[in-house]
Participant: 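Structure incoming, see below.
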Amino acid sequence: MNNRKVRVRFAPSPTGGLHLGGVRTVLFNYLFAKHHKGEFVLRIEDTDQTRYVPGAEEYINECLRWCGLEPDESPEKGGPYEPYRQSERKALYRQYAEQLVAAGHAYYAFDTPEELDAFREKYKSPENPSPQYDHRTRSKMRNSLNMTDAELKALLDAQTPHVIRIKMPENETLVFNDMIRGEVSFNTGLVDDKVLLKADGMPTYHLAVVVDDYLMKITHAFRGEEWLPSAPVHILLWKYLGWESEMPEWAHLPLILKPDGNGKLSKRDGDRLGFPVYAMNWKDPKTQELTKGFRELGFLPEAFINMLVMLGWNDGTEQEIFSMEELIEKFSMDRVHKSGAKFDFEKAKWFNHQYIHHKDNQSLATLLQPMLAEKDVHADLGFIATVAGLVKERLYVLSEFWDHSFFFFQRPSTHDTGAVAPKWNADKEKFFTTWLPKLDKLPKQPSAADLEASFKELATEMGIKVGELQLPFRIMLTGGKFGPPVFDIAATLGVTETQKRIAIGVDVYKKAVEAASQS
RNA sequence: GCCGCGUUGGUCAAGGGGUUAAGACGCCUCCCUUUCACGGAGGAAUCACGGGUUCGAUUCCCGUACGUGGUACCA
């Protein structure tokens, strides 16, 4: 549209945790900005004082940090267009609303909330369940369109609470271009006279976005599809305020939907279906209710981002795993889908699995150590890294680490003897008691291969099939039929610990066999 | 109700007037592995419906259905 430097913004209202859709909106903004070597600004839209939730803004900052989607300008960072919090810009908006009134594009309305309720109640019908304040009804209401200058002046002088509403044209076709949807058109007569300035002097979203996008020189406005129906209001505002030549290009992003149909994905769906919807844990300061997040579940931010970007975008090839650098290079709005995508937690986990699998052991250990500490397990980073290397290929989320690795950090408290006890015999017992002292003759810190060679050598010597011995051995070490290759476990545990577990194990099997024969 | 937007396997999706309609997740079978996983090889499964336009429509147009969003002094 023009060759201004690209500037985009993410403009959340601080009312709670950030959900998937919100993060994806950030992501697309961010990628677009970086792709075009532009700037990404975070603006806090806290114009509704009744919905303001303390801590929500900090949560958003933290969330963007975790995702690696940090803004170039924000309330926290500052920037050339400060302030970035709309509540702190309150004084700015009134003049623009007044300017619109003066030009005949807006008007004062004195209807109280009770009067509006009564109005809706009165005109409600099966054919029209939600009557609008629009060109058909505004003549019946208490507004400056229906009073003399003297009456208006009297009300204003008396400081009568009032709002300013846009006066939507009766019957104009408004056509605009959406970067994703192409040409979109509305009849202005079907859109209601939205409030621009509230009785408390705060702007509504409609006025605030337009004014701030103009003042902050935003070139591209991306937001969720739920804003599409109010786009005509915003576009008219750009025109009426005389800024049309600087109007940003629009793109309305497709929604992220519930996996089981019927609607936008919501916080409730996560609770219901058992997966997170928020990026990070969020605790409502009022109710203390905790909503779980992807971060705490054990998602890697890069996987979270990759999973999100594929919900509604692809580069046209078969590639599915992208680094942030690749995304910045390849992202383009015209490959964003028009239709909403149902969220699939299984696929989300698969992405995380891929990333965990390919992440280096040291980095994983750093992430895992605090999680172990919470279980009062304190191990050094090197050991955790070794274990991580052994089990990472079977982790879908980091929080599963313990279930796959506890036996590295503590002896199994129970043994799943059911699979082995029936086949346990004196020969097998003898094998293990014979092998036990042989372990001391091995090199100092035997490798898995050393252990395996020694194990097999003895088995062959004693004429027992190696396969018959491996499962009992595994269960001695881990307590069950799971875990990485046995000799890797033994090597990681070390000779001394391995010997102890064998000794315990032999005993356990003996008892299990006795118990079975008695009953 | 009205208005907007959408509709390729169960899900994410490529494609686009003539194709055996990619690929991924999930599911199933087999191989590897005497655990599980990873890896590998296969398999089942899709163009919402009805009219046009056309020699030919999954692809273009129009309807219908369905889905979804909006219809607040919330964003």
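All figures in this text were calculated on a predicted structure; none of them were measured in a lab. Letters A, B, ... mirror the listed sequences (proteins, then strands); counts begin at 1. Side chains included, hydrogens not; waters and symmetry mates left out as well; all remaining heavy atoms used.
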Participant: Answer with base, sugar-phosphate or nothing: what part of the nucleic acid does L311(A) contact at a heavy-atom distance below 4.0 Å?
Facilitator: sugar-phosphate
Participant: Does R89(A) reach the main-chain N or O of P83(A) with its side chain, forming a donor-acceptor pair under 3.5 Å?
Facilitator: yes
Participant: Rounded to whole angstrom, note down the P distance from U58(B) over to G67(B).
Facilitator: 24 Å
Participant: Whole Å only: how far is the CZ atom of F401(A) from the P atom of A37(B)?
Facilitator: 19 Å
Participant: Taking G9(B) as the reference, what is the distance to U46(B) when you measure between their P atoms (whole Å, please)?
Facilitator: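 Roughly 9 Å separates the two P atoms.
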Participant: Does K198(A) put a side-chain nitrogen or oxygen below 4.0 Å from OP1 or OP2 of A75(B)?
Facilitator: yes
Participant: Which whole-number value in Å describes the distance from R120(A) CZ to C73(B) C1'?
Facilitator: 10 Å
Participant: Can a side chain N or O of R51(A) be found less than 4.0 Å away from OP1 or OP2 on A75(B)?
Facilitator: no
Participant: Contact class for P113(A) (heavy atom, under 4.0 Å): base, sugar-phosphate, or nothing?
Facilitator: base
Participant: Rounded to whole angstrom, note down the P distance from A24(B) over to A14(B).
Facilitator: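 Roughly 15 Å separates the two P atoms.
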Participant: For a side chain to side chain contact (heavy atoms under 4.5 Å, CB included) with E115(A), tell me which candidate from R142(A), R120(A), M141(A) qualifies.
Facilitator: R142(A)
Participant: Does R223(A) reach a base, just sugar-phosphate, or nothing at all? Heavy atoms under 4.0 Å.
Facilitator: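 No contact.
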Participant: Rounded to whole angstroms, how far apart are CZ on R136(A) and P on C2(B)?
Facilitator: 12 Å
Participant: Indicate whether the side chain of R335(A) and that of N314(A) have a donor and an acceptor atom separated by less than 3.5 Å.
Facilitator: yes
Participant: Can you confirm if the aromatic rings of Y355(A) and F304(A) lie within a centre distance of less than 6.0 Å?
Facilitator: no
Participant: Does A14(B) have its OP1 or OP2 closer than 4.0 Å to a side-chain nitrogen or oxygen of H337(A)?
Facilitator: yes
Participant: Base, sugar-phosphate, or nothing for R181(A), non-hydrogen atoms under 4.0 angstrom?
Facilitator: sugar-phosphate
Participant: Taking atom P of G1(B) as reference, at what distance in whole Å does atom NZ of K124(A) sit?
Facilitator: 16 Å
Participant: Using a 4.0 Å heavy-atom cut-off across all strands, classify T50(A) as base, sugar-phosphate, or nothing.
Facilitator: nothing
Participant: So what does Y52(A) hit on the nucleic acid, given a heavy-atom distance under 4.0 Å: a base, only sugar-phosphate, or nothing?
Facilitator: nothing
Participant: How far does the P atom of G15(B) sit from the matching atom of U33(B), given to the nearest Å?
Facilitator: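 Result for the P pair: 41 Å, nearest Å.
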Participant: Does N314(A) place a side-chain N or O at less than 4.0 Å from the phosphate oxygens OP1/OP2 of A14(B)?
Facilitator: yes
Participant: Could you tell me whether D178(A) contacts a base, only the sugar-phosphate backbone, or nothing, with contacts defined as non-hydrogen atoms closer than 4.0 Å?
Facilitator: nothing
Participant: Between G26(B) and U11(B), how far apart are the P atoms? Round to whole Å, please.
Facilitator: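 About 16 Å, rounded to a whole number of Å.
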Participant: Considering every strand shown, what is the Watson-Crick or G-U wobble mate of A75(B) when both distances are under 3.5 Å?
Facilitator: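 Looking at the geometry, A75(B) pairs with no nucleotide.
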Participant: Using a cut-off of 4.0 Å on non-hydrogen atoms, how would the nucleic acid contact of D48(A) be classed: base, sugar-phosphate, or nothing?
Facilitator: sugar-phosphate
Participant: Just to be sure I understand the rule, does A199(A) reach a base, reach only the sugar-phosphate, or reach nothing, if contact means heavy atoms closer than 4.0 Å?
Facilitator: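 Base, at least one base heavy atom under 4.0 Å.
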Participant: Using the C1' atom in both, what is the distance from A44(B) to G69(B), to the nearest Å?
Facilitator: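 One C1' to the other, the span is 36 Å.
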Participant: Could you tell me if S125(A) and N128(A) have a donor-acceptor pair between their side chains, going purely by distance under 3.5 Å?
Facilitator: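 Checked: N128(A)/S125(A) side chains show no N/O donor-acceptor pair below 3.5 Å.
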Participant: Between D212(A) and Y93(A), is there a side-chain donor-acceptor contact under 3.5 Å, judged purely by atom types and distance?
Facilitator: yes
Participant: Looking at Q319(A) and I321(A), would you say the former's side chain and the latter's main chain have a donor-acceptor pair under 3.5 Å?
Facilitator: yes
Participant: Can the ring centres of Y107(A) and H162(A) be said to be less than 6.0 Å apart?
Facilitator: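 Aromatic pair excluded; centres sit 6.0 Å or further apart.
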Participant: Should G10(B) form a Watson-Crick or G-U wobble pair with both distances under 3.5 Å, which nucleotide is its partner?
Facilitator: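 Here G10(B) is engaged in a pair, and the nucleotide opposite it is C25(B).
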Participant: For a quick test of reading the model: is some side-chain N or O of Y205(A) closer than 4.0 Å to OP1 or OP2 of G70(B)?
Facilitator: no
Participant: Quick one: which of G4(B), G23(B), C2(B) gets closest to the side chain of L190(A)?
Facilitator: C2(B)
Participant: For RNA chain B, whose closest nucleotide is more 5', that of L471(A) or that of W313(A)?
Facilitator: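 The residue mapped nearer the 5' terminus is W313(A).
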Participant: If only side-chain N and O atoms of T47(A) are considered, is one of them under 4.0 Å from the OP1 or OP2 phosphate oxygen of A75(B)?
Facilitator: yes
Participant: Between Q354(A) and E320(A), is there a side-chain donor-acceptor contact under 3.5 Å, judged purely by atom types and distance?
Facilitator: no
Participant: Which base, if any, makes a Watson-Crick or G-U wobble pair with A45(B), both distances under 3.5 Å?
Facilitator: none
Participant: Rounded to whole Å, how long is the line connecting atom CZ of F186(A) with atom C1' of G4(B)?
Facilitator: 5 Å
Participant: What does G312(A) touch in the nucleic acid at a heavy-atom separation under 4.0 angstrom: a base, only the sugar-phosphate, or nothing?
Facilitator: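 Sugar-phosphate contact only - G312(A) comes under 4.0 Å of backbone atoms but never of a base.
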Participant: Base, sugar-phosphate, or nothing: which does K349(A) touch, judged by heavy atoms less than 4.0 Å apart?
Facilitator: nothing
Participant: Quick one: which of F473(A), Y509(A), F455(A) gives a ring pair (Phe, Tyr, Trp, His ring centres under 6.0 Å) with F431(A)?
Facilitator: F455(A)
Participant: Classify H252(A) by what it touches in the nucleic acid, base, sugar-phosphate, or nothing, heavy-atom distance under 4.0 Å.
Facilitator: nothing
Participant: Does U54(B) have a Watson-Crick or wobble partner in any strand here, with both distances under 3.5 angstrom, and which is it?
Facilitator: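 Partner of U54(B): none.
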Participant: Write down the partner of U33(B) under the Watson-Crick or G-U wobble criteria, each distance required to be under 3.5 Å.
Facilitator: none
Participant: To the side chain of K347(A), which of C12(B), C74(B), G6(B) is closest?
Facilitator: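 Taking heavy atoms from C-beta onward, the closest nucleotide is C12(B).
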Participant: Heavy atoms only, 4.0 Å cut-off, all strands: where does S125(A) land among base, sugar-phosphate and nothing?
Facilitator: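 Answer is nothing: S125(A) stays at 4.0 Å or more from every strand.
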Participant: Select from S185(A) and A348(A) the residue whose nearest nucleotide in RNA chain B is closer to the 5' end of that strand.
Facilitator: S185(A)
Participant: Do Y59(A) and W282(A) make the cut of ring centroids closer than 6.0 angstrom?
Facilitator: yes
Participant: Rounded to the nearest Å, what distance is computed from the CG atom of residue L265(A) to the C1' atom of nucleotide C12(B)?
Facilitator: 15 Å
Participant: Checking contacts here: which listed nucleotide (A75(B), G69(B), U11(B)) is nearest the side-chain heavy atoms of T204(A)?
Facilitator: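 Ranking A75(B), G69(B), U11(B) by closest atom to the T204(A) side chain puts A75(B) first.
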Participant: Can you check the Q354(A) CD to C12(B) C1' distance for me, whole Å?
Facilitator: 15 Å
Participant: Say you pick atom C1' in C66(B) and the same atom in C47(B); how far apart are they, in whole Å?
Facilitator: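 Approximately 16 Å lies between the C1' atom of C66(B) and that of C47(B).
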Participant: In Watson-Crick or G-U wobble terms, both distances under 3.5 Å, what is the partner of U68(B)?
Facilitator: G4(B)
Participant: Counting only non-hydrogen atoms, which of residues 481-489 of chain A are less than 4.0 Å from RNA chain B?
Facilitator: K481(A), F482(A), G483(A), P484(A), P485(A)
Participant: Quick one: does Y96(A)'s side chain get under 4.5 Å of V210(A)'s, heavy atoms only?
Facilitator: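 Sidechains of V210(A) and Y96(A): no contact.
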Participant: Output the rounded distance in Å from CG (N128(A)) to C1' (C2(B)).
Facilitator: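 Taking CG of N128(A) and C1' of C2(B), I get 7 Å after rounding.
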Participant: From the options U11(B), U71(B), G6(B), select the nucleotide whose nearest atom is closest to the side chain of K338(A).
Facilitator: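 Between U11(B), U71(B), G6(B), the one nearest the side chain of K338(A) would be G6(B).
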Participant: Can you tell me, in whole Å, how much space there is between the P of C5(B) and that of C62(B)?
Facilitator: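 Per the computed distance, 12 Å lies between those P atoms.
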Participant: Just checking H404(A): base, sugar-phosphate only, or nothing, at a heavy-atom cut-off of under 4.0 Å?
Facilitator: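 Touches nothing.
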Participant: Look at the side chain of E45(A) and decide which nucleotide, out of A75(B), U11(B), G15(B), has an atom nearest to it.
Facilitator: A75(B)
